[in-house]
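The next block holds one structure in the form of structure tokens; read it before the comments.
Every chain is numbered from 1 and lettered A, B, ... according to where its sequence line falls, protein lines coming before strand lines. In what follows, every heavy atom counts, from backbone to side chain, and hydrogens, waters and symmetry copies are set aside.
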Protein chains: 2
Amino acid sequence: MSQPAPQVDLQHIWAVMTGFQHSAALKAAVELEVFTKIAEGKKTAADIAAATGSAERGIRILADTLTVIGLLSKSGNEYSLPPDSAFFLDKNSPAYLGSAVDFIMGPTQMRGVNDLTNAVRQGGTTVTGDGSVDPESPMWVTFARAMAPVVFPAAQALAANVGIPNDTPIKVLDIAAGHGMFGIMVAKAYPNAQIHAVDWANVLTVATENAAKLGVGDRHHLIPGSAFDVEFGTDYDVVLVPNFLHHFDAETCTEFMKKVNAALKPDGKAITVEFIPNEDRVSPPAEALFSLIMLAATPGGDAYTWSEIEKMMQDAGFAQNQHIPLTPMPMHLVVSSK
Amino acid sequence: MSQPAPQVDLQHIWAVMTGFQHSAALKAAVELEVFTKIAEGKKTAADIAAATGSAERGIRILADTLTVIGLLSKSGNEYSLPPDSAFFLDKNSPAYLGSAVDFIMGPTQMRGVNDLTNAVRQGGTTVTGDGSVDPESPMWVTFARAMAPVVFPAAQALAANVGIPNDTPIKVLDIAAGHGMFGIMVAKAYPNAQIHAVDWANVLTVATENAAKLGVGDRHHLIPGSAFDVEFGTDYDVVLVPNFLHHFDAETCTEFMKKVNAALKPDGKAITVEFIPNEDRVSPPAEALFSLIMLAATPGGDAYTWSEIEKMMQDAGFAQNQHIPLTPMPMHLVVSSK
């Protein structure tokens, strides 16, 4: 302890170390509907506290914390919503993603992350029983409800990149639909498309709700079961594989894409959605950081690089593969044909 | 869900939401001694995995994550330590603060933060039994061991700001010494000083160790017990109140400072160390964010502003109060005289 005054800086390490406190502040604010009450016109800590059934001291400290981390603005003693918070965190916004907070910071995810040391030791999740790749996991129902608003822009972008004239009567398979948003947005863009959504039966109820809500329920069909085991049928023009492969090891992904390949028409295409970091695996940040979630939550999943994905696709019989980043979104499209 | 493609950006909200994952990555790396092994020359994921008894996949994902968040550097497939990580996270560095990770992310702190929603509702911690202001809490022994390296630069700065010639034989009271570093650094700077350290007996053992280690054990005396109840004695030249007041409400702080006042010589001074945010309570970031830790961990503590601290001090009979920020450290000095 006799070192000279350091030329180094503790602040960044401290910020990482205390990041969980900021996540917790966001979670508490979502649970107490602080953003929603501010959108409704409650401005001071006293008013927000009254509207949320909270202590003024608690709200004042929480709202100040949220201000420091950029999720609220403060002027005098009044709080307001910056544009991002108004768009994503007000319950009355159509893009509300408070439910994503419930999922990302939900008990299953937290268990995996809180035991990360052991996940690193064994090279995969320590969570079993209701982990992310277990059959019929109720976690995926939460996920499906949570993530629809999060993936909405990516689903729009996918629908715009199908590369088939929009009046074509296409037959589409939507793998592991979950919320179903990718297939549903294709159905919206392709009025003559028929969507066949594969997922566990409990999760498909959410996709069915979303399809009805968006007016495509009559063209949205269900194939309940594990995507690995269920019979897909054949002669699909398009197979969507959105945010699915990252849960599995490369060999499993390759075998799965062979099954996808067999379900496609000769001139059909698979459109995969993935977080694809650069070959250095440490950029761009959002894509690269996704791998930790897979380490904590899956036995062998990953955020695959383009070279890894291209090899899987080639090994599965897809000769042509196009990589379409959806910048600034972290999701990327992979359009594959035989 | 029919909004246009947003002009807003989810990335910052996502970063806050997933901050707990980055904290967990730091914690796992500290627990597995990843930084230490890299300092010892292990560079690749395979080498680090072998040295830490981990899976290569686990280490690769962990180390890439740490690279993205700035705690490692990566070139090709080799990892190295940026200066901050080498200084603070290598176990063989004298400034190692892995123990601070153990404390900040330890079970008691985590319990409070994980129940933040209810802390906001009731305006104070929901943790009882071994909370931060309970007597003889073993948490404070962990804290004392954890925080010595963290406060070291601030303790040096305090010793440089006592404002008394260094050969003066001063009698110093060190309140809630914990690790004892503030009093110990005064003892180092004042070879004729006698330090009287107040804390619970179990915690004082750590201060005693540190005093011996730094060669001032013979001038470091113990007053075991609660700082609120124990008899301080009188005629102190200096009373140190380092990182103590923020655990308590303002009224309690004022009453306590009256007791400090009574223990001082007429021309004596109290030197308080606190996180002091600006009057807006949302800047500077580190000071402002400290209030959330107090909300999660204490019934009524806070990061007090200068006007609040000045009022406490004046109400406690300190007519003159000087505010000395220790920028870029988030700790501030308050030098008070009657």
Between Thr65(A) and Leu289(B), is any pair of side-chain heavy atoms under 4.5 Å apart? yes
Checking Asp280(B) against chain A: side chain, backbone, both or neither under 4.5 Å from a heavy atom? backbone
Engaged part of Glu279(A) at the chain B interface, taking heavy atoms whose separation is under 4.5 Å: neither
Considering only heavy atoms, which portion of Gln122(A) lies under 4.5 Å from any heavy atom of chain B: side chain, backbone, both, or neither? backbone
Determine whether a donor-acceptor pair (N or O, by modelled atom type, separation under 3.5 Å) exists between the side chain of His12(A) and the backbone of Leu71(B). no
Between Thr18(B) and chain A, which part of the residue has a heavy atom less than 4.5 Å away: side chain, backbone, both or neither? both
Can you measure from CG (Leu295(B)) to CG (Asp64(A)) and round to the nearest 0.5 angstrom? 11.0 Å
Which pair of heavy atoms, one from Ile104(B) and one from Met17(A), lies closest together, and at what distance? CG1-SD, 3.7 Å
Measuring heavy-atom distances to chain A, does Ala286(B) have an atom under 4.5 Å in its side chain, in its backbone, in both, or in neither? neither
Between chain B and each of Gly123(A), Gly76(A), Pro284(A), count heavy-atom pairs under 4.5 Å; write down the option with the most. Gly123(A)
Closest non-hydrogen atom pair between Ala28(B) and Thr117(A), with its separation: CA-OG1, 3.2 Å
Kindly say whether Val282(B) contributes a backbone atom to a donor-acceptor pair with the side chain of Thr67(A) at under 3.5 angstrom? no
Distance check, rounded to the nearest 0.5 Å: Met294(B) atom CE versus Ile61(A) atom CD1? 9.5 Å
Please look at His22(A) and chain B and tell me whether the side chain, the backbone, both or neither of the residue comes under 4.5 angstrom of a heavy atom of that chain. both
Pair count under 4.5 Å, heavy atoms only, with chain B: among Gln21(A), Glu31(A), Met110(A), highest is Gln21(A)
Arg60(B) side, atom CZ; Asp302(A) side, atom CG - distance, nearest 0.5 Å: 4.0 Å
Nearest 0.5 Å, please: how far is CZ in Arg281(A) from NZ in Lys74(B)? 7.0 Å
Heavy atoms only, distances under 4.5 angstrom: which of Pro330(A), Ala303(A), Gly301(A), Ala288(A) has the most pairs with chain B? Name it, please. Gly301(A)
Answer whether the closest heavy-atom distance between the side chains of Ile59(B) and Val120(A) falls below 4.5 Å. yes
Against chain A, label Asn114(B) side chain, backbone, both or neither, depending on which of its atoms sit under 4.5 Å from a heavy atom there. side chain
Let me know if Leu26(A) has heavy atoms under 4.5 Å from chain B in its side chain, its backbone, both or neither. side chain
Check: Leu116(B) and Lys27(A) side chains under 4.5 Å, non-hydrogen atoms: no
What is the minimum heavy-atom distance between Gly19(B) and Ser23(A), and which atoms define it? N-OG, 3.3 Å
